[in-house]
Amino acid sequence: MQGPSVRWRHDGRLLLADDDTLLRFHVADHNNLLNKAAADADLYGSVLAHLGQEPRWEALVLSTYAPGTAEEHRELHEAWRSRRFVEARVGELREHDVPVWPTATFIDGVPDPFNHIHFDVVAAVGAGLVPPALHPQTSGNKLERRQARAQLAALIDPVLVLFSDQQQAL
């Protein structure tokens, strides 16, 4: 079993050249969001190497989508039928020096059906970002996990607040 993986997307959709491009992020339970970010933090080695950074570092990201066509909006709406989402403009993220990476995600080698519009919004990159209590191999007790999520929230929440709540349909 290969598990999850992430790769740089060389087709890199030129939508990101436009500061008005909207990136959509599915809002999950905050603890689940932090747990997922921790679980995925070590998947970015090839992306970091592509960017000339240390491939052993971790990356804390928000997985977002940029539907550009009516068909992409419809498909994302169908996939997210009952989910709440938030949006941020690429320009606003750039104003706050928040990197946006065109990436593709895979589970056991199978690509996500929305890879062509997938972008990771980067909250932090570096060594040892994920506290041991949230590493899948060394999971801590309830208090240790709560404290570890608070550490991650301090890194992720300043980026998350740049996204605004959307009540209308996709």
>> To check you understand the geometry: which heavy-atom pair defines the closest contact between Ala39 and Asp42, and what is its length?
In response: O-OD1, 3.6 Å
> What are the two closest non-hydrogen atoms of Phe25 and Ser63, and how far apart are they?
Replying inline: CD1-O, 3.3 Å
> Which atoms form the tightest heavy-atom contact between His96 and Glu92, and what is the distance?
Replying inline: ND1-O, 2.9 Å
> Of the non-hydrogen atoms in Asn141 and Leu143, which two are nearest, and what is the gap between them?
Replying inline: OD1-N, 3.1 Å
> Parallel, tilted or perpendicular: which fits the ring planes of Tyr65 and His118, with parallel below 30° and perpendicular above 60°?
Replying inline: perpendicular
> Do you know which of Gln53, Glu54, Glu58 makes side-chain hydrogen bond (donor to acceptor under 3.5 Å, both in side chains) with Arg56?
Replying inline: Glu54
> Hey, what do you get for CD1 (Ile156) to NE2 (His30), rounding to the nearest 0.5 Å?
Replying inline: 7.5 Å
>> To the nearest 0.5 Å, what is the distance between CH2 on Trp101 and OG1 on Thr64?
In response: 12.5 Å
> Looking only at side chains, do Asn115 and Arg9 share a donor and an acceptor under 3.5 Å apart?
Replying inline: no
>> Please check: side-chain N/O of Glu144 versus main-chain N/O of Ala133, any donor-acceptor pairing under 3.5 Å?
In response: no
> After noting the C-alpha distance and the side-chain angles of Leu62 and Phe163, does the key distance pass the side-chain contact (heavy atoms from CB on, under 4.5 Å) rule?
Replying inline: CA-CA 11 Å; Leu62 302 175; Phe163 286 77; 3.9 Å; yes
>> Are the side chains of Val130 and Leu60 in contact, using a 4.5 Å heavy-atom criterion?
In response: yes
> Between Leu134 and Arg149, is a side-chain contact (heavy atoms from CB on, under 4.5 Å) present by the stated rule, with each step listed?
Replying inline: CA-CA 8 Å; Leu134 287 182; Arg149 280 192 297 272; 3.7 Å; yes
> Yes or no on side-chain contact (heavy atoms from CB on, under 4.5 Å) for Glu72 and Leu76, after CA distance, side-chain angles and deciding distance?
Replying inline: CA-CA 6 Å; Glu72 290 167 350; Leu76 197 58; over 6 Å; no
>> As a quick check of understanding, evaluate side-chain contact (heavy atoms from CB on, under 4.5 Å) for Asp40 and Val61, giving each step before the final call.
In response: CA-CA 9 Å; Asp40 293 348; Val61 305; 6.0 Å; no
